[in-house]
Amino acid sequence: MLIGLVGRPNSGKSTFFKAATMADVLIANYPFATIKANHAMAYVRIKDLAAEFGKVSNPREGYVKSGWRFVPFELMDVAGLVEGASEGKGLGNEFLNDLSGADAFIHVVDLSGEFDSEGKQTSENCYPGDDLEMIENELDKWYLGILKKTWDKFSRTLEVQKKNFAQAVAVQFSGLKVSEDDVKSVLLKSGLNGETAGKWGEDDVKKFATALRKMTKPMIIAANKVDRPNSKDNLARLKKEFDYPIISCFAEGELALKEADKHGLIDYVSGENGYEVKGKLSGEQSKALDNVKKVMDENNGTGIQEVLNKAVFELLGYLAIYPAGAKLVDSKGNVLPDCFLMPPGSTALDFAYRLHTDIGKGFVKAVDIKTGRAVGKDYKLKQGDGLEILTR
Ligand SMILES: Nc1nc2c(ncn2[C@@H]2O[C@H](COP(=O)(O)OP(=O)(O)O)[C@@H](O)[C@H]2O)c(=O)[nH]1
Ligand SMILES: [Mg+2]
């Protein structure tokens, strides 16, 4: 699973990315500071299952802190999108390709209104809803461009040869994580008929491209820079005018907290509305952290962890599942070392195969370690399950 950060230049994508991953990236208040896509691990936060058994887990990947388990997934930071990107403007098409592999987008929108659609500072209040529409437009045109490239030939051949439309579109969009089922469900929702694609008008093709984009690149809005003077008004208006999930964020604050935590100055658990001072703070550090705390208090935290959790668990519906032995420990004495993110609808058998093909093949039953109850191969996984798989 891969989630991509999108947004116009200077909205705070790299700051969000660094705060979420603590990877080294260039943060700068000039457009296109980021040129190549960066990939790193970000984390979703769930209850540490070991805590239910009076233990603390020993994650092989990710980490555990104050009873919370942080499970890694891949996050991608890309260059900013500007109007015309789908026609090659800005860093254009090449970087749209970077976005192909994403399962979902976190759209980092700048609430401050202090920068224009190209990320240049202005004295006017630039309404962030315009950025939202611009990005949507560019993404739609990107999808439309792929469809149109071969549409005429493609739709005619399909009709003549009575080929399967959904299958053919999925092939055309290979690499963009578009499945046949996605295409079928878009057709159903939009009332378009794939068998007569050759006769679709321009508007039908557009409508189809947009619906396919929305289905295959679902989006959540990280409304960033909530600390700025115009942000509150802009946020209220955004929430009124758009029906995306919108979460107000303070990426710069999250980054300051993570840095201070890393240097042992404070104890901060991402997702909490607060921190504990551990080390000796200079007057300046103390003041800076106080300012962060003020914004956090108004915003109920920095919002960063909430965005990550919502993107993975709600937008994409993934499930965090622990493989477990009867005593919770593996052969080396590690407590619940693994936790895997499974796609929505996964079953106990899917999970067994995720662990190892042999475990899938030899599946007899699974035991829910919270209840001790045995479940069969068709059992639908539930968020936070711990399962012991018994094999032949
Ligand atoms: N006030 C404020 N500034 C922020 C916040 N997040 C990022 N910035 C600033 O916005 C500018 C652009 O940040 P960057 O992450 O490089 O943006 P990108 O071009 O979208 O990757 C930098 O000066 C950041 O310090 C925030 O939460 N609040
Ligand atoms: Mg950047």
Side-chain angles (χ1 to χ4, degrees), residues 3-40 42 75-83 85 90-92 94-96 98-99 105-122 125-126 128 131-132 134-135 138 219 221-235 238 246-260 268 270 273 287-308:
I3 295 184
L5 294 170
V6 296
R8 64 129 167 88
N10 247 329
S11 60
K13 297 178 296 300
S14 294
T15 308
F16 186 110
F17 180 78
K18 179 158 191 190
T21 64
M22 288 304 273
D24 273 326
V25 290
L26 178 61
I27 294 168
N29 70 346
Y30 55 87
F32 298 116
T34 308
I35 293 176
K36 282 228 157 21
N38 293 301
H39 291 240
L75 187 68
M76 168 173 63
D77 177 26
V78 296
L81 261 171
V82 291
E83 188 155 11
L91 297 176
E94 186 196 340
F95 111 94
L96 275 170
D98 288 339
L99 298 177
F105 292 144
I106 294 171
H107 183 174
V108 182
V109 169
D110 183 344
L111 282 182
S112 76
E114 292 160 28
F115 297 86
D116 68 16
S117 61
E118 294 187 345
K120 296 197 192 89
Q121 190 137 24
T122 86
N125 179 14
C126 287
D131 292 339
L132 216 159
M134 183 273 285
I135 297 282
E138 291 307 319
M219 202 153 88
I221 311 301
N224 193 35
K225 308 195 189 179
V226 71
D227 55 305
R228 302 299 299 160
N230 287 329
S231 296
K232 231 185 244 155
D233 289 347
N234 284 333
L235 176 66
L238 267 190
I246 300 175
I247 293 157
S248 50
C249 288
F250 184 25
E252 212 169 58
E254 176 80 4
L255 182 56
L257 294 168
K258 289 266 182 73
E259 295 278 7
Y268 171 63
S270 193
N273 177 15
K287 209 172 123 198
L289 285 171
D290 282 349
N291 283 335
V292 171
K293 183 72 173 82
K294 260 186 222 140
V295 180
M296 279 176 108
D297 280 341
E298 281 202 11
N299 195 51
N300 192 24
T302 68
I304 304 301
Q305 192 60 54
E306 197 184 335
V307 168
L308 298 171

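Counting starts at 1 for both ligands and their atoms, following the listed order. The first residue of the sequence shown is numbered 1, and numbering continues consecutively from there. Here the structure is a predicted model, which is why all the values come from computation and not from measurement.
- In D227, the part holding a heavy atom less than 4.0 Å from any atom of ligand 1 is the side chain.
- On a distance-only criterion, A251 and ligand 1 share at least one N/O pair closer than 3.5 Å.
- Looking at D110 and N10, their side chains never bring a donor and an acceptor atom within 3.5 Å of each other.
- Minimum heavy-atom separation, A251 to G12: CB-O, 4.5 Å.
- Of all heavy-atom pairs between E254 and T302, the closest is OE1-OG1, 2.6 Å.
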side-chain contact (heavy atoms from CB on, under 4.5 Å) between L289 and L257, intermediate numbers included: CA-CA 8 Å; L289 285 171; L257 294 168; 3.9 Å; yes
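- Contact atoms of ligand 1 toward G12: 7 (C), 13 (O), 14 (P), 15 (O), 17 (O), 18 (P), 20 (O) (distance under 4.0 Å to a heavy atom of the residue).
- Nearest heavy atom pair, residue E83 against residue M134, reads N-SD, 3.5 Å.
- Close approach to R228 involves these atoms of ligand 1, each under 4.0 Å from a residue heavy atom: 1 (N).
- Ligand 1 is never approached by G80 to a heavy-atom distance shorter than 4.0 Å.
- Between D77 and ligand 1, not a single N/O pair is under 3.5 Å apart.
- Inclusion of N10 in the first shell of the Mg ion (ligand 2) is not supported: no N, O or S atom falls under 2.8 Å.
- Between I221 and the choices I106, I247, L132, the side-chain contact (heavy atoms from CB on, under 4.5 Å) rule is met once, by L132.
- Only the side chain of N224 comes within 4.0 Å of ligand 1, judged by heavy-atom distances.
- Remark: N299 engages S248 in a side-chain hydrogen bond (donor to acceptor under 3.5 Å, both in side chains) (not counting sequence neighbours).
- Taking every heavy atom of K13 and a limit of under 4.0 angstrom, the matching atoms of ligand 1 come to 15 (O), 17 (O), 18 (P), 19 (O), 20 (O), 21 (O).
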